[in-house]
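In what follows, chains are A, B, ... by sequence order, proteins preceding strands, each numbered from 1. Every heavy atom of this structure was used, including side-chain atoms; hydrogens, water molecules and symmetry mates were not.
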Amino acid sequence: MENTLEKTDISQRLLGKALGQKPALPLSENTIEKAQSVLKKFGIPEVKNERYKYANIKNILNKTVLETEGISARENYPIADSLSVLNGKNMLVTVNGKVVKQEISEAFHIGTIQDYLAYEPQISFDEADSMQALALLTAQDGFHLKIGRDTTEPLIWLNITDTKTPSYYATVNCIESAAGSAAEIIEIRIGRNAASFTNQYTLVKTHEHATLRMAATDENLHSFSGVFTVHGIQKKGSTFSHSILGTGASFMRQNISAEHEDENCHTELNGFYAVDGERHADFQTVVKHMFPNCTSDEMYKGIAAGKGKAIFNGKVYVARDAQKTNAYQSNKNILLSDEALIRSKPELEIYADDVKCSHGSTTGQTDTKSLFYLRSRGIREKEAQKMLMLAFAGDVLDRISNESLREYFSSVAENKLMQLI
Amino acid sequence: MSDSNQIIDEAVQSEYKYGFYTDLETESAPKGLTEDTIRFISGKKEEPEWMLDWRLKAFKKWQEMIEPEWAHVSYPKIDFQDIIYYSAPKNAPKYNSLDEVDPEILETFKKLGISLEEQKVLAGVAVDAVIDSVSVKTTFREKLSELGIIFCSISEALKEHPELVKKYIGSVVPVTDNYYAALNSAVFSDGSFVYIPKGVRCPMELSTYFRINAINTGQFERTLIIADEGSYVSYLEGCTAPMRDENQLHAAVVELVAMTDAEIKYSTVQNWYPGDKEGKGGIYNFVTKRGICKGERSKISWTQVETGSAITWKYPSVVLKGDHSIGEFYSVALTNNYQQADTGTKMIHLGKNTRSTIVSKGISAGKSNNSYRGLVKIGREAEGARNFSQCDSLLIGSTCGAHTFPYIECDHPTGIVEHEATTSKIAEDQIFYLNQRGINTEKAVGLIVNGYCKEVFNQLPMEFAVEAQKLLSISLEGSVG
């Protein structure tokens with residue numbers, strides 16, 4: 001009985017903590033004030049919050065979490081062998097947001113988020129999203145990663161959540177890629193011990209003509225939940241891409257936003273997700289075209305089975321000055337069972353006239369004609385279905401340029417699809 | 001570029017044709033909204049007791065509700081106590097022939113291009129005209145009643161067919177549906193009522209013209225159309241208002257009920273006063289329109305051409321309850337100057353093998369904002385449901401906005417939902433091609449825009465299609481991008 005009492009008021013306790021206590025991070029007064037007013041205005045998101053219409057965070061927190069702070073269960077973390085396929089030479093390991101291990105080349109430099117904030121205490125966030133405000137106000141730790149020009153190998157980031165009791169914890173990171181640099185970061189989200197809730201906010205700055213490719217998978221997050229936010233700020237001529245594989249967590253909300261601060265930027269967002277059981281994968285993307293001659297390309301594809309829920313909400317914003325913008329957005333879903341559900345909301349908000357913006361969204365099944373064709377060639381139904389699904393996933397996965405990463409993602413997706421069929 | 005700027009300026013200056021005001025003696029309720037206002041309206045209409053109770057219940061609900069703010073429009077808060085909720089042309093309760101109608105009213109309709117007179121016999125359109133709050137004239141009633149068709153104002157229906165009204169009013173749009181529907185339920189003054197009996201195909205287009213005339217009034221009409229088993233009806237609706245500096249509120253509710261094998265085709269050409277080029281004045285058009293395909297194989301089709309109103313907030317929807325039922329939505333929404341439109345549709349698939357089609361064409365010019373907002377929902381039981389949506393936006397000039405907010409919710413594995421949207425401007429090569437053929441730029445734009453809207457215009461009844469095309473060319477006059 002005592003347990004349930006504690007459970008029901010966890011979001012209230014979190015709110016009290018965020019609004020009543022001094023934040024652990026050295027944020028500027030202004031930022032604290034802003035974050036607190038956003039949190040006061042929107043609270044912990046519930047279904048009435050348009051942004052979180054299908055993701056009742058309050059409910060999830062109250063159901064799954066006992067503590068408002070994550071205390072890690074152990075100190076040492078051997079790097080998982082299963083990931084050796086990625087051939088990571090640069091390795092960064094964080095536990096509950098804190099850096100515990102780094103094996104990185106000189107092109108990367110890692111500091112703490114505290115040091116970064118001491119130097120730059122104004123940190124921008126989306127003022128319509130109270131989870132980002134909550135992350136800033138409640139985070140204990142985080143890192144500041146600087147990427148120099150001479151990177152050759154991708155950086156593998158093992159993002160481990162490990163708590164003794166089911167807890168909520170927040171972390172704030174900042175990744176900055178130097179002008180003219182080209183780098184790749186692969187984030188492997190891993191959950192250990194008690195199923196916890198992560199609220200992670202990552203600010204990504206790509207400077208002039210930098211290229212940064214990020215990828216993330218929640219395959220090893222199992223019964224964990226979390227809201228993961230990536231906010232990208234792009235300078236002139238930069239390229240930012242983010243690919244996400246959502247196949248593991250029991251609840252994952254991935255917010256990705258990219259804002260162009262100058263001309264000739266390119267943003268590419270990819271996602272593949274497969275949900276079964278009672279799992280919930282939720283993707284919210286925003287691309288803000290603020291300057292002329294920028295492009296963006298989004299492709300999200302997913303499959304929902306069992307009682308799974310898959311949600312996509314993408315927004316393309318084109319400001320008045322952003323002439324010659326070319327933006328494309330595509331979301332395709334397959335629904336496999338009676339109890340699964342798909343929600344899709346591709347949005348366009350356009351204020352410039354000389355632009356090409358389009359989006360498409362489809363929801364349906366595997367094509368019966370294609371299935372029949374394969375079966376008429378002597379292929380078993382299951383095998384045929386697998387082939388079609390892999391081809392479906394392939395459209396997204398083929399967009400990943402790093403070959404070993406593509407293979408790794410493909411094998412994870414394939415394993416998952418075998419479970420679904 | 002200066003050329004096109006000049007042409008855009010010209011377009012901005014083109015006048016609203018229907019902005020005149022007719023000096024009619026009117027009888028109004030005092031300003032403001034209280035229970036007494038509702039009792040006054042209900043009393044004026046000599047309504048039965050249950051209707052008054054229903055209105056008062058709606059009023060209570062409305063007081064508990066808050067004004068919605070989610071639409072992509074911005075406007076100063078409406079003072080609901082500063083509106084006259086009932087205004088009627090004096091001495092005009094009932095007419096048996098046109099000779100009895102106030103000549104001023106007839107003149108008004110002439111200016112609107114609506115002829116209630118004999119030429120309508122040739123055109124074969126039955127008209128119900130509503131000025132401010134009261135239905136002025138319904139034509140062809142006798143001829144229609146021979147077939148058992150009821151086409152009259154809703155106040156008359158309340159007197160003559162109360163059982164039908166009681167059964168269906170609020171059955172599609174419940175009192176608590178939304179803020180403006182609740183307001184309308186409390187204060188609705190008049191509107192049209194149509195009942196098509198079993199197996200009857202209505203031989204003519206039924207048509208209603210709405211006009212807000214008096215100052216400071218709101219118009220709250222309520223339309224109820226019931227198509228019984230195997231019947232068919234095509235219904236047209238047109239609206240205009242005088243030019244005024246202050247905003248006027250129009251909050252209507254339209255309910256359609258289609259039984260087994262019935263078909264309702266509902267077309268609207270909405271041309272309320274859009275405000276002047278500075279964005280001053282104009283109608284707030286906050287309308288709830290919904291139809292239910294109750295029976296199997298029934299069909300409801302909405303076609304709308306929206307060129308007027310300062311703010312439009314309108315989502316004609318279809319609840320596809322009967323198996324194999326069909327819902328359609330065809331829309332052209334044009335905004336110019338400071339107009340704001342947030343319009344679209346909802347297709348709620350509940351029955352098996354239900355189908356819906358959405359074609360939405362948005363055109364924005366001047367400093368306007370035009371949004372498409374739609375919902376396609378495939379319910380848990382909606383086996384084999386199918387939807388196709390297409391919404392295109394055309395931007396004319398670089399100071400306007402075009403937006404798309406489609407919601408897609410699919411809960412059944414056999415459901416297929418497809419949505420596509422594009423936003424672009426008129427391509428220079430298209431204009432160049434037409435220029436090359438000796439067609440000047442202005443005409444070329446007209447041609448291209450008309451071609452762009454053709455899919456929707458094709459759905460309109462002949463007479464309306466012509467009117468819509470004319471309207472579009474007036475509203476767009478010269479706005480070459």
Side-chain angles (χ1 to χ4, degrees), chain A residues 48 50 53-54 292 303-307 309-368, chain B residues 4 69-70 72 362 364-365 367-428 481:
Chain A
K48 274 190 182 165
E50 179 67 22
K53 200 171 172 193
Y54 306 113
I303 298 169
K307 288 183 180 174
K309 292 179 190 161
I311 288 109
F312 172 78
N313 181 357
K315 183 173 199 161
V316 173
Y317 179 92
V318 180
R320 187 133 293 155
D321 296 329
Q323 297 292 1
K324 309 271 178 208
T325 290
N326 197 341
Y328 181 70
Q329 193 187 44
S330 157
N331 175 229
K332 291 183 180 168
N333 300 290
I334 290 181
L335 199 53
L336 286 183
S337 85
D338 286 353
E339 288 177 293
L341 61 85
I342 301 275
R343 300 285 181 264
S344 172
K345 186 185 167 201
E347 286 177 65
L348 296 174
E349 199 174 329
I350 293 160
Y351 296 94
D353 66 334
D354 192 7
V355 296
K356 270 188 198 150
C357 295
S358 58
H359 66 209
S361 168
T362 59
T363 300
Q365 311 79 44
T366 39
D367 182 20
T368 45
Chain B
S4 61
E69 282 173 357
W70 44 261
H72 191 86
S364 341
K367 293 185 161 61
S368 68
N369 274 303
N370 198 335
S371 312
Y372 166 83
R373 186 185 301 275
L375 166 72
V376 176
K377 182 167 176 79
I378 309 283
R380 281 262 180 260
E381 308 294 322
E383 195 184 318
R386 185 84 172 80
N387 161 269
F388 173 74
S389 315
Q390 181 193 341
C391 47
D392 298 328
S393 304
L394 200 60
L395 292 149
I396 299 176
S398 59
T399 47
C400 52
H403 322 296
T404 319
F405 308 100
Y407 291 73
I408 295 154
E409 305 190 353
C410 189
D411 292 350
H412 200 286
T414 58
I416 299 177
V417 184
E418 290 169 306
H419 172 95
E420 58 180 36
T422 59
T423 304
S424 56
K425 66 171 190 172
I426 296 173
E428 272 159 32

Which region of [X], side chain (C-beta onward) or backbone (N, CA, C, O), has a non-hydrogen atom less than 4.5 Å from a non-hydrogen atom of chain B, or is it both or neither?
| X | answer |
| --- | --- |
| A:Lys332 | neither |
| A:Ser361 | both |
| A:Gln323 | side chain |
| A:Tyr54 | side chain |
| A:Glu50 | side chain |

Contact check, side chains of [X] and [Y], non-hydrogen atoms, under 4.5 Å:
| X | Y | value |
| --- | --- | --- |
| A:Ile342 | A:Phe312 | no |
| B:His419 | B:Ile408 | yes |
| A:His359 | B:Thr404 | yes |
| A:Asp338 | B:Pro413 | yes |
| A:Leu341 | B:Arg380 | yes |

Counting heavy-atom pairs closer than 4.5 Å to chain A, which one of [options] comes out on top?
| options | answer |
| --- | --- |
| B:Gly415, B:Gly401, B:Cys410, B:Ser371 | B:Cys410 |
| B:Ala402, B:Ser424, B:Gly374 | B:Ala402 |
| B:Asn387, B:Thr414, B:Ile416, B:Val417 | B:Val417 |
| B:Glu409, B:Glu420, B:Arg373, B:Glu418 | B:Glu409 |

Within the distance-only criterion (no hydrogens, no angle test), does the side chain of [X] pair as donor or acceptor with the backbone N or O of [Y] below 3.5 angstrom?
| X | Y | result |
| --- | --- | --- |
| A:Ser337 | A:Gly306 | yes |
| B:His403 | A:Ile350 | yes |
| A:Ser358 | B:Thr422 | no |

Using non-hydrogen atoms and a 4.5 Å limit, figure out which bit of B:Cys400 sits close to chain A: side chain, backbone, both or neither. backbone
Chain A contact via B:Asp392 - which portion, at a heavy-atom distance below 4.5 Å: neither
Answer yes or no: are there more than 12 heavy-atom neighbours, outside A:Lys53 itself, under 6.0 Å from its atom NZ? yes
Comparing A:Arg343, A:Glu339, A:Lys309, A:Lys345 against chain B, the one with the most heavy-atom pairs below 4.5 Å turns out to be A:Arg343
Max heavy-atom pairs within cutoff under 4.5 Å with chain B, candidates A:Pro346, A:Ser330, A:Gly360, goes to A:Pro346
